[in-house]
Protein chains: 2
Amino acid sequence: MNPTIKDVAQRAGVSVGTVSRVLAKNKTVSEDIRAKVEATIDAIGYRPNILGRSLRLAKTDIIGLVVPDITNPFFAELAKQVEMLASAEGYSVLLANTHDDPDAEKQQIETLLGRLPAGLILVPVSNSLADGLASRTRTVTVDRPLSGHALVSVDNRQGGYLAADHLLSLGHRRLGYISGPGTTEVSGERRGGFVQRLEELRKSHPGDYVPPQIVEGHFDYRSGEELGKQLLTQPVASRPTAIATASDQQAIGLLRAADDMGLRVPNDLSIVGFDDIPLASLVLPRLTTIRQPIDEIARLALEGVLGSHALQEEYKLQPMLMKRGSCAAPSTP
Amino acid sequence: MNPTIKDVAQRAGVSVGTVSRVLAKNKTVSEDIRAKVEATIDAIGYRPNILGRSLRLAKTDIIGLVVPDITNPFFAELAKQVEMLASAEGYSVLLANTHDDPDAEKQQIETLLGRLPAGLILVPVSNSLADGLASRTRTVTVDRPLSGHALVSVDNRQGGYLAADHLLSLGHRRLGYISGPGTTEVSGERRGGFVQRLEELRKSHPGDYVPPQIVEGHFDYRSGEELGKQLLTQPVASRPTAIATASDQQAIGLLRAADDMGLRVPNDLSIVGFDDIPLASLVLPRLTTIRQPIDEIARLALEGVLGSHALQEEYKLQPMLMKRGSCAAPSTP
DNA sequence: CTGTTAGCGCGTTCAC
DNA sequence: GTGAACGCGCTAACAG
């Protein structure tokens, strides 16, 4: 059995209360007693039992992190940042994947909450669990909104807007867009911003306007590849000269699809991604993309969860266009 | 305050002991009382407090997972699999990154152990913490060995061997190798297997043998890119016609380096990776690589940690050569 | 400044 | 088959 606070007290010839005070760095302990207690703590290798403490205090120093899929580089990076910051503050992070499944999400959150976490950082899949969650623990939502909860995210609409704007400014007119799942609000916003920029073009230069070709799927590589193939399998006259995607993973899948069809990027096709995962600057060609300031997102989310001040409703960060090698002017105007 | 077992007992008109027995599905409870208790549990929305239970039982249902870097796709996949299997068994997983830093690792494990996990799945960085770890909780090591602990991993030597063998069989003789950090045993083994195959060639066909050019770095994209550049910046007569790497990430970085230098893969350079991360089959060209059966690895690791039977010393799984598009016969013999 | 004590919520003896 | 009581390890309130 591990030594307890009682053993320390006994061996040091003091009471458990005193040992507890030493542990809590309570200043109302005389110097020599403090020294003696600390000495015996080292001597018998005492390590406080967090369970006892947590039970007594009715709270833990665990932070729940619920993401759709940890193998998504964006969420992996989020997890890394959150874990770094959390452990620096003495917290540990409990990881749960929802696989974009509302039922799994509900289940995961339920068991997580059962562990009385100090807070919850959640990338929600469904809107159906909004109620009762807020009251049970401090919750911050990341990337996707959940009614009634604080949200930290990038301005997705602005991100989509930037992508369209960049492609238009290069001279592209026949644009494609690979969207994320229609069920997620984040997809809708990114696509909305994209479409909005085109609408502006329609207003200002009606003759230049071509309706965008929009397809919809998941955020992953495979979806980008399949939807890309679908978009590119058209007569050259109607095929988009540029495609924006809702994630870098989709963009990378699209890169693969383009290559399979003998199209060269950026000569025959321009591509803009979203997120700026590390891989984005390593693929061939390097991916022009909309950067999310993920370290900021992680920091704000953790602050929101741990901070003592009231939660703001929404932290909307600015995305940034990263110009790299996957975009060029259209070759066949 | 959340309702406790006491509230349930009071409201159901029974004792706490009885409620506890109902919760534990103890059969020595009469049917009608059981029904009544369960009804009031639902009625007041009682949820057992895990902290109380854990304290009483002196163990939790948490599994610690310690990896060098969760953004490494291989570890992300490991985490996903482990989390899936664990949550299916009612366990949660606590995630910690070590950043390949022995001090951070020690610290992380220390705080993790303080939470009295049911078990620990560890991808160790250093060998210095072997002592005392085993005795504190059930520990299984993954990917890299740690003396005195069970290890689940692929046969890394065999993997390196397969890579060399494949390249030789295609006709390559001037080979390069991008190794992982010299401090990790896994790097040594992969490289060792690679070299071993070349030694066999030296024995059997001394005239064909050319000493491999070996460079060493981290497992990440960037390292692969840098070391690749280094390897490829040579007169064509001495430059390797094929390079094997210790990770897919390095291989993808190398792909990028080759492109930057105007080399075409596989025409001018053949590449073999290691791991078979999802991305491997999506890059241009698709990466020939040595596959690790990561789902098997996760399953065995978790079984080892949760299983009641004694831990085997080592589970060494067989790697598999995945032939894809990044290898071809050398064009200039 | 220090010792004593009462629970935090639960599981588990030990009586009945 | 069920209830009462103890204690897991700890902190905080209260006495002294």
Side-chain angles (χ1 to χ4, degrees), chain A residues 1-41 44-62 90 111 113-118 136-137, chain B residues 1-41 44-62 90 111 113-118 136-137:
Chain A
M1 208 54 211
N2 284 332
T4 78
I5 203 174
K6 213 168 168 180
D7 299 323
V8 176
Q10 195 170 330
R11 204 159 187 286
V14 297
S15 76
V16 292
T18 302
V19 177
S20 178
R21 276 183 281 262
V22 171
L23 257 39
K25 306 208 187 311
N26 194 321
K27 307 306 282 180
T28 72
V29 179
S30 74
E31 181 56 30
D32 49 350
I33 281 207
R34 195 182 58 69
K36 187 165 59 176
V37 169
E38 284 178 345
T40 66
I41 284 179
I44 67 177
Y46 165 77
R47 310 178 40 75
N49 182 319
I50 296 198
L51 260 36
R53 186 202 313 250
S54 294
L55 178 60
R56 181 62 231 262
L57 299 179
K59 66 170 191 179
T60 66
D61 40 8
I62 283 181
T111 75
L113 249 34
R115 301 187 187 284
L116 305 182
R136 294 226 259 152
T137 191
Chain B
M1 208 55 214
N2 283 331
T4 77
I5 204 173
K6 211 167 169 181
D7 300 322
V8 177
Q10 196 170 330
R11 203 160 188 282
V14 297
S15 76
V16 293
T18 302
V19 178
S20 177
R21 275 183 280 261
V22 171
L23 257 40
K25 306 207 187 312
N26 195 324
K27 306 307 280 181
T28 72
V29 180
S30 73
E31 182 55 31
D32 49 349
I33 279 208
R34 194 183 59 69
K36 186 166 59 175
V37 170
E38 283 177 348
T40 65
I41 283 179
I44 66 177
Y46 165 76
R47 313 180 38 74
N49 181 318
I50 296 199
L51 260 37
R53 187 204 311 254
S54 293
L55 178 60
R56 181 66 176 78
L57 267 25
K59 66 169 190 180
T60 66
D61 41 8
I62 283 181
T111 75
L113 249 33
R115 301 187 187 283
L116 305 181
R136 294 226 258 155
T137 192

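Below, each value reflects all heavy atoms present in this structure, side chains not excepted, and no hydrogens, waters or symmetry copies. Because the structure is predicted, anything quoted here is derived from the model rather than measured.
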query: Tell me, for nucleotides 10-16 of chain C in 5' to 3' order, what letter each nucleotide earns: B for a base near a protein heavy atom under 4.0 Å, S for only sugar-phosphate near one, - for neither?
result: BBBB---
message: Between A:Ile62 and B:Ile62, is the side chain to side chain contact (heavy atoms under 4.5 Å, CB included) condition met? List the steps.
response: CA-CA 11 Å; A:Ile62 283 181; B:Ile62 283 181; 4.2 Å; yes
message: Assess the residue pair A:Asn2 and A:Asn49 against the criterion (side chain to side chain contact (heavy atoms under 4.5 Å, CB included)); give the C-alpha distance rounded to whole Å, side-chain angles, the decisive distance to 0.1 Å, and a yes or no.
response: CA-CA 9 Å; A:Asn2 284 332; A:Asn49 182 319; over 6 Å; no
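The CD1 atom of A:Ile50 sits 10.5 Å away from the CG atom of B:Leu51 when rounded to the nearest 0.5 Å. Here B:Ser15 contributes atom OG and B:Arg21 contributes atom CZ; the two are 6.0 Å apart, rounded to the nearest 0.5 Å. Separating the OG atom in A:Ser54 from the CZ atom in B:Arg115 is a distance of 7.5 Å, to the nearest 0.5 Å. Atoms CG and CD, on A:Leu23 and A:Glu38 in that order, are 9.0 Å from each other to the nearest 0.5 Å. A:Lys36 contributes atom NZ, which lies 13.0 Å from atom CD of A:Glu31 (distance to the nearest 0.5 angstrom).
Taking the side chain as every heavy atom from C-beta outward, B:Thr40 and B:Val19 never approach each other to under 4.5 Å.
Listed pair B:Thr28 / D:dT2 fails the phosphate criterion, with no side-chain N or O lying under 4.0 Å from OP1 or OP2.
Atoms CD1 (B:Ile33) and C1' (D:dG3) sit 10 Å apart, rounded to a whole Å. The distance between atom NZ of B:Lys36 and atom C1' of D:dT2, rounded to the nearest whole Å, is 12 Å. Between B:Gln10 atom CD and D:dA4 atom C1' the separation is 15 Å, expressed in whole Å.
Two end axes, each from the C1' atoms of five base pairs, can be drawn for the helix from C:dC1-D:dG16 to C:dC16-D:dG1; they diverge by 50°, to 10 degrees.
Using a 4.0 Å heavy-atom criterion, one finds that A:Leu55 contacts the bases of the nucleic acid, with or without backbone contacts as well.
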